[in-house]
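Here is the structure we will look at, set down as structure tokens.
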Amino acid sequence: MTLVNDAAPAVRSTGRKFRAFTAKHLDELTARAGLSPAQRLATRAVATVLPFRTNAYVIEELIDWSAAPDDPMYRLVFPQEDMLPPEDVAHLSDLLRREAPKAEVEAAAHAVRMRLNPHPAGQMELNIPSFGDGKIPGMQHKYDETVLYFPKQGQTCHAYCTYCFRWAQFVGEADLKMAGDDVTGLRDYLVSHPEVTSVLFTGGDAMIMGESVLRRYIEPLLDLEQLESIRIGTKSLAYWPQKFVTDPDADDMLRLFEQVVESGKNLAFMAHFTHPRELEPLMVAEACRRIRDTGAVIRTQAPLIRTINDDAAIWESMWRTQTRMGLVPYYMFVERDTGPQDYFAVPLGQAYEIFRDAYKHVSGLARTVRGPSMSATPGKVCVDGVVDLLGEQVFALHFIQCRDEDLVGKPFFAKYDPNAVWLDDLKPAFADRFPYER
């Protein structure tokens with residue numbers, strides 16, 4: 001086994017113990033952002049519906065408090081009062097103001113959640129496979145080659161993004177949560193489905209787990225020859241890079257990564273970076289260096305989010321910086337049709353222009369990135385452009401991945417709609433239905 005790159009870097013001494021901030025800290029923190037008492041109450045009302053969690057690193061290293069509440073990093077983690085319909089915010093604010101019983105507040109919050117499409121793209125109905133005597137908790141299998149697994153111990157994050165499409169995992173409602181800890185069941189399922197070549201551990205965030213817990217999920221898979229890659233979806237590099245540098249089990253975690261690579265698997269870190277500021281701290285560069293030195297590949301992805309990163313210069317900066325750091329730009333996503341989508345969504349035509357304007361200014365090494373991509377019910381749909389075809393303005397689209405593998409890579413067209421923000425908003429062009437509707 002190779003040795004972990006444990007030469008003591010200068011930044012190791014800057015580590016601090018993790019401290020989380022939750023809804024009970026909201027009034028104090030939003031006051032620091034200059035919000036009035038009425039605005040702070042409205043923010044707390046939104047937080048009864050959508051989850052809030054951040055930590056000391058995000059608060060002290062990433063947020064520019066002199067620019068709050070307009071600072072993009074502040075908007076990335078703090079609920080905004082206009083994320084929900086005004087009548088819902090008013091009702092919930094009134095309940096909080098008069099200190100209504102907890103059960104009454106929760107019932108009102110639940111009613112709002114159920115109108116927010118908590119599990120989009122058929123996650124509960126179409127993606128959970130049956131196996132043996134029933135379904136395997138915490139597993140999704142949408143595309144033949146890839147299985148997603150939601151470890152029970154990874155059902156939180158170091159901090160929550162306000163746009164997160166997994167928000168339903170974090171609100172304390174068991175019926176909305178996907179989680180499992182049957183590693184034997186996962187392995188048996190993979191063996192019986194030899195078409196699966198990749199496992200993606202997601203959540204929450206798998207990197208909220210300690211090394212010994214993560215090892216229990218990963219190690220039993222390393223002798224499966226069918227697996228080509230193990231992926232870890234994580235925001236930890238942006239929100240808690242100390243995980244790989246100064247945390248007590250940082251070196252043990254890196255040794256686990258080395259073990260994955262030595263087993264012949266591609267270990268892919270699917271790292272979420274939403275704004276260039278997340279890449280600035282020295283701790284992030286050191287964490288990335290240590291992970292890459294294990295043989296793992298760090299691929300970067302994020303959704304396009306209004307008021308946070310809806311600017312081509314921001315994406316150009318991120319992709320250039322990531323390339324310099326040895327990271328691989330991978331996806332620009334379209335904000336999913338869940339939660340406060342109306343608040344964050346960017347119209348598809350504008351999303352394409354932002355992607356193209358950033359893409360044309362980066363080198364070929366950064367042009368590994370794909371997008372804008374919608375992870376919709378039939379599959380991952382990429383917006384390739386807006387074109388004039390046969391006298392009609394249309395969106396050119398194709399499937400990067402699809403439930404029906406015969407449709408992967410085949411172009412299709414939708415009528416141009418300047419207000420469309422999702423696949424379901426589009427109507428087919430030159431046909432009476434889309435290819436996936438046959």
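Residue numbers count from 1 along this sequence.
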task: Would you check if there is a donor-acceptor pair between the side chains of Ser198 and Arg231 at a distance under 3.5 Å?
output: yes

Pair Phe395-Tyr352, ring pair (Phe, Tyr, Trp, His ring centres under 6.0 Å): steps then yes or no: CA-CA 10 Å; Phe395 284 113; Tyr352 166 69; 8.5 Å; no

message: Is there a side-chain contact between Thr197 and Leu227 in this structure, where contact means two heavy atoms from C-beta onward sitting under 4.5 Å apart?
response: no

field: Beyond-backbone contact of Val49 with Leu116, side-chain heavy atoms, under 4.5 angstrom
entry: yes

message: In terms of relative ring orientation, are Phe355 and Tyr359 parallel, tilted or perpendicular, with 30° and 60° separating the classes?
response: parallel

message: For a side chain to side chain contact (heavy atoms under 4.5 Å, CB included) check, start with the C-alpha distance between Asp144 and Val196, then their side-chain angles and the critical distance, and finish with the verdict.
response: CA-CA 6 Å; Asp144 285 351; Val196 177; over 6 Å; no

Full working for ring pair (Phe, Tyr, Trp, His ring centres under 6.0 Å) between Phe18 and Trp240: CA-CA 8 Å; Phe18 181 84; Trp240 191 251; 5.0 Å; yes

Listed pairs under 3.5 Å, donor-acceptor, residues 79-89 side chains, sequence neighbours left out:
unit_1, atom_1, unit_2, atom_2, d
Gln80, NE2, Phe78, O, 2.6
Asp88, OD1, Arg115, NH2, 2.8
Asp88, OD2, Arg115, NH2, 2.8

message: How close do Met283 and Pro241 get, counting heavy atoms only, and between which atoms?
response: CG-CG, 3.5 Å

- prompt: Is the count of non-hydrogen atoms from other residues, nucleotides or ligands lying under 6.0 Å from Glu280 atom CD greater than 12?
  reply: yes

task: Please test Thr294 against Glu258 for side-chain hydrogen bond (donor to acceptor under 3.5 Å, both in side chains), starting from the C-alpha separation and ending with a verdict.
output: CA-CA 5 Å; Thr294 69; Glu258 289 177 340; over 6 Å; no

- request: State the CG-CZ distance between Asp27 and Arg44, to the nearest 0.5 angstrom.
  value: 6.0 Å

field: Within-4.5 Å side-chain heavy-atom neighbours: Glu335 and Ile305
entry: yes

query: What are the two closest heavy atoms between Tyr343 and Arg306, and how far apart are they?
result: O-NH2, 2.6 Å

query: Does Arg290 make a cation-pi contact with Phe244, if we ask for NZ or CZ under 6.0 Å from the ring centre and within 45° of the axis?
result: no

Minimum-distance pair of heavy atoms, taken over all atoms of Ala358 and Trp319: CB-CZ3, 3.5 Å

message: With a 4.5 Å cut-off on side-chain heavy atoms, are Leu304 and Val334 touching?
response: no

query: So Tyr163 and Phe344, would you call those rings parallel, tilted or perpendicular, with 30° and 60° as cut-offs?
result: perpendicular

field: Minimum heavy-atom distance Leu423-Pro378, with the two atoms named
entry: CD2-CG, 3.8 Å

- prompt: Would you call Glu61-Arg277 a salt bridge at under 4.0 Å N-O?
  reply: no

- request: Report the distance from atom CZ of Phe21 to atom CZ of Arg53, rounding to the nearest 0.5 Å.
  value: 11.0 Å

field: Lys410 side chain reached by Phe399 side chain, heavy atoms, under 4.5 Å
entry: no

task: Locate the shortest heavy-atom distance separating Arg215 from Gln259; write the atom from each residue and the value.
output: NH1-OE1, 2.6 Å

message: Using a strict threshold of under 4.0 Å (side-chain N to carboxylate O), is an ion pair present between Glu28 and Arg32?
response: no

message: Can a side-chain donor-acceptor contact be found between Lys243 and Thr234 if the only test is distance below 3.5 angstrom?
response: no

task: Please report the C-alpha distance between Ser375 and Phe333 in whole Å, then the side-chain angles of each, then the deciding distance to 0.1 Å, and finally whether the side chain to side chain contact (heavy atoms under 4.5 Å, CB included) criterion is met.
output: CA-CA 8 Å; Ser375 293; Phe333 288 118; 4.0 Å; yes

query: Closest heavy-atom contact between Cys157 and Ile208?
result: C-CD1, 3.6 Å

Distance (rounded to the nearest 0.5 Å) between Thr368 OG1 and Leu365 CG: 8.0 Å

field: Audit row: Lys265, Glu228, side chain to side chain contact (heavy atoms under 4.5 Å, CB included) steps and yes/no
entry: CA-CA 5 Å; Lys265 316 293 185 208; Glu228 300 168 358; over 6 Å; no

field: Flag for Tyr217-Gln153: side-chain donor and acceptor within less than 3.5 Å
entry: yes

- request: Taking the six-membered ring of Tyr436 (Phe, Tyr or Trp), confirm whether the NZ or CZ of Arg403 is under 6.0 Å from its centre and within 45° of its axis.
  value: no

- request: Check the pair Thr156, Asp205 against side chain to side chain contact (heavy atoms under 4.5 Å, CB included), reporting the backbone distance first and the verdict last.
  value: CA-CA 6 Å; Thr156 187; Asp205 192 328; over 6 Å; no

field: Salt bridge Arg255-Glu211, side-chain N to carboxylate O under 4.0 Å
entry: no

Reported CE-to-CG distance for the pair Met73 and Leu62, which is rounded to 0.5 angstrom: 4.5 Å

Phe201-Phe150 aromatic ring centre distance below 6.0 Å: no

Centroid-centroid distance, His141 to Tyr189, less than 6.0 Å: yes

query: Short question: side chain of Asp249, backbone of Gly210 - any donor-acceptor pair under 3.5 Å?
result: no

field: Nearest-0.5 Å distance that lies between atom CG in Leu407 and atom CZ in Phe412
entry: 8.0 Å

query: Just by modelled atom types, is the Leu35 backbone N or O under 3.5 Å from a matching donor or acceptor in the Arg40 side chain?
result: yes

query: Would you call Asp71-Arg75 a salt bridge at under 4.0 Å N-O?
result: no

message: Using 0.5 Å steps for rounding, measure from the CD1 atom of Ile314 to the CD atom of Glu316.
response: 11.5 Å

task: State, without any angle test, whether Ser373 and Arg370 hold a side-chain donor-acceptor pair at a distance under 3.5 Å.
output: no

task: Under the side-chain hydrogen bond (donor to acceptor under 3.5 Å, both in side chains) rule, what do Thr321 and Arg324 come out as? Steps first, then yes or no, please.
output: CA-CA 5 Å; Thr321 301; Arg324 283 198 300 270; 3.2 Å; yes

